[in-house]
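Notes follow the structure.
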There are 2 protein chains.
Amino acid sequence: MTREAERPSGVAPGELSRRPKRDGDGNDGQTWAPATGLPPSTDAYRLLPRHRKGDRKIAAGRDLFSIGETNTAIFNLLSGWVAIYTLLEDGRRQIVHFALPGAVMGMPTSKGAQVSYSAQALTEVVVSVIPNSVLAAASRDDPELSMRLASALARDTSMAYDHMTSIGRRTARERVAHLLLELFTRYRAQWPGDRIEEMAIPLTQEQIGDATGLTFVHVNRVLSTLRKEKIVHFHYRRLRILDPDRLIEVAGVDPQTAMSWFQRRSP
Amino acid sequence: MTREAERPSGVAPGELSRRPKRDGDGNDGQTWAPATGLPPSTDAYRLLPRHRKGDRKIAAGRDLFSIGETNTAIFNLLSGWVAIYTLLEDGRRQIVHFALPGAVMGMPTSKGAQVSYSAQALTEVVVSVIPNSVLAAASRDDPELSMRLASALARDTSMAYDHMTSIGRRTARERVAHLLLELFTRYRAQWPGDRIEEMAIPLTQEQIGDATGLTFVHVNRVLSTLRKEKIVHFHYRRLRILDPDRLIEVAGVDPQTAMSWFQRRSP
DNA sequence: CGACCCGTTGAGATCGTTCAAGTAACGTGG
DNA sequence: CCACGTTACTTGAACGATCTCAACGGGTCG
């Protein structure tokens, strides 16, 4: 049941460099028929209404949208991994969120607003693109819709707060452990039956650094010691959890909470 | 950030002098008239419907709600300042957001969910409390409501991403400058006419540290140098901006963006 | 087979923390 | 209105976590 399609195997034909640049020209995702390689309950991921011809396939390394663009549509991720990130003028980069299938991206903050962050495909990705007008119409038909949307956004905010706490108050070791644990549990929540303790994480050590507020050099050192301690083994984008209990401990997560993560079913 | 000696030895647990206690008695008392009084257009802040008897007044230092509580109502801040924060088990604290009048707090991430953060009144505060049931009913009456709510939440997420970028990728000096600039512009957006460059910020240096991921000692040093350089003067909760241009420069904010902040009218 | 990423390791510099000992403002009760 | 206790702010010295710079090794792909 392990999904080859989900693997970052064919990653980025040279799109990902040490300092990924902003993808200026945007992307030219071709329209695409409903996907293969999706998790079991694909339809559950369609929080948002389906738009005719709205599915797009985007290559790894490309941006789905970029900071400063005026918001004309919102995106519902159907498959693949996406990094939401911001840039400082001198090139420093912060990955603020990893979007997994089911995620909603690009919700406008007000009418005609510009997004204040960018979204980069980490793997090949399929998104459902819903123009704002379609969304507005759909929410008239289905009054519950925008409330579900609001809940999803509240979830995003909560996750952002959690991530922020990690960056602001945890040590490097704790941050890395916390991120790996988070990604592992979120990923696993998508295949509830699966008992594997190994997964493909389509991230370089530099991207882990960008997410945790560290340099890739230091991420490497932390990962090395975690490996020597036989807690986790992360190498060339494959993650193996060797000692879940100690990982939870290092991550500084309440075991209670950690277990609930293993249940939860949210993007 | 050493693992153990996190709590000042000798001090009884729960009596941490510097660490504000969760909830409990709270140091009610001081009120900060300047920053607390209701802005001109109070009604504009009622993004959410008014609930009969729903207005509550809360003393400075108290928690509006705490992590782990089951979510039964959402809050619309009418006046005063609120800190949204999280705690790690050993007492490390991260302030993830400062809520100003107009803010919506405590939106549930799913039915019957628990909030994953706490909210502490920094000044005396007035909030409108809207039970979930009332919200649901109101959103049936006013289909636009939940869409406006979703936009407000998207705004929260954007702000969280911005703050996270600051903590993860900026130097201490940049972080402090950025926070002061942000608070100043958000505050000023509430009194559009006002031309003052001085304001009361109801924060201690420790709270600034908790928001920026620094220790209060280092916050103090940064503020000292900013004062010596005649950029900003922050002393005993009063902020005076001496050199706006250089502050914008130090904060590493695009002047273009900074100016737009001075226009924007959002909590 | 040759490029090109990506990962690894060492040495030294730096930024921010920790610990410690003050001083200044505030608030309270006499 | 003053004395006192408390909280907030300030400063110095030493330490250490993380960064920077630099060189090299390993994997993968065209």
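The sequence lines fix the lettering, A, B, ..., with proteins before strands; numbering per chain opens at 1. What you see is a predicted model; the values in this text were computed from it and never measured.
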Could you state the [atom1]-[atom2] distance from [X] to [N], rounded to the nearest angstrom?
X: A/Gln207; N: C/dC6; atom1: CD; atom2: C1'; value: 11 Å
X: A/Arg173; N: D/dG16; atom1: CZ; atom2: C1'; value: 16 Å
X: B/Ile201; N: D/dA8; atom1: CD1; atom2: C1'; value: 16 Å
X: A/Phe216; N: D/dT20; atom1: CZ; atom2: C1'; value: 10 Å
X: A/Leu203; N: C/dC6; atom1: CG; atom2: P; value: 12 Å
X: A/His233; N: C/dT8; atom1: NE2; atom2: C1'; value: 13 Å
X: A/Asp210; N: D/dC19; atom1: CG; atom2: P; value: 11 Å
X: A/Leu122; N: C/dC6; atom1: CG; atom2: C1'; value: 16 Å

Looking only at side-chain N and O atoms, does [X] come under 4.0 Å of OP1 or OP2 in [N]?
X: A/Gln205; N: C/dT8; answer: yes
X: A/Thr215; N: D/dC19; answer: yes
X: B/Arg237; N: C/dA25; answer: no

Heavy atoms only, 4.0 Å cut-off, all strands: where does [X] land among base, sugar-phosphate and nothing?
X: B/Leu214; result: sugar-phosphate
X: A/Gly213; result: sugar-phosphate
X: B/Arg227; result: sugar-phosphate

| query | Can you tell which of C/dG16, D/dT18, D/dA8 lies closest to the side chain of A/Thr171? | reply | D/dT18
| said: From C-beta outward on A/Tyr236, which listed nucleotide comes closest to its side chain: C/dC6, D/dT18, D/dC9? | reply: C/dC6
Taking [Y]'s backbone N and O only, do any of them form a donor-acceptor pair with [X]'s side chain (distance below 3.5 Å, no angle check)?
X: A/Arg170; Y: A/Arg175; answer: no
X: B/Arg188; Y: B/Met199; answer: no
X: A/Arg92; Y: B/Arg169; answer: yes
X: B/Gln94; Y: B/Thr86; answer: no
X: A/Thr123; Y: A/Trp81; answer: yes
X: A/His233; Y: A/Leu239; answer: no
X: B/Asp243; Y: B/Arg246; answer: yes

| task | Measure the OH-CD distance between B/Tyr85 and B/Gln207 for me, rounded to the nearest 0.5 Å. | result | 10.5 Å
| said: Could you measure the distance from the CG atom of A/Asp254 to the CD atom of A/Glu249? Nearest 0.5 Å is fine. | reply: 12.5 Å
| task | For A/His235 and for B/Thr204, find the nucleotide of DNA chain D with the closest heavy atom, then tell me which residue's nucleotide is more 5'. | result | B/Thr204
| query | With sequence neighbours excluded, what pairs up with B/Tyr161 under the ring pair (Phe, Tyr, Trp, His ring centres under 6.0 Å) test? | reply | A/Tyr117
Within the sub-3.5 Å range, which N or O atoms of nucleotides 12-14 of chain C have a protein N or O partner, and how far apart are they?
none

| On DNA chain C, nearest-nucleotide positions of B/Arg170 versus A/Asn220: which is more 5'? | A/Asn220
| request: State, to the nearest 10°, the angle formed by the axis through the first five base pairs of the helix from C/dC1-D/dG30 to C/dG30-D/dC1 and the axis through its last five. | output: 50°
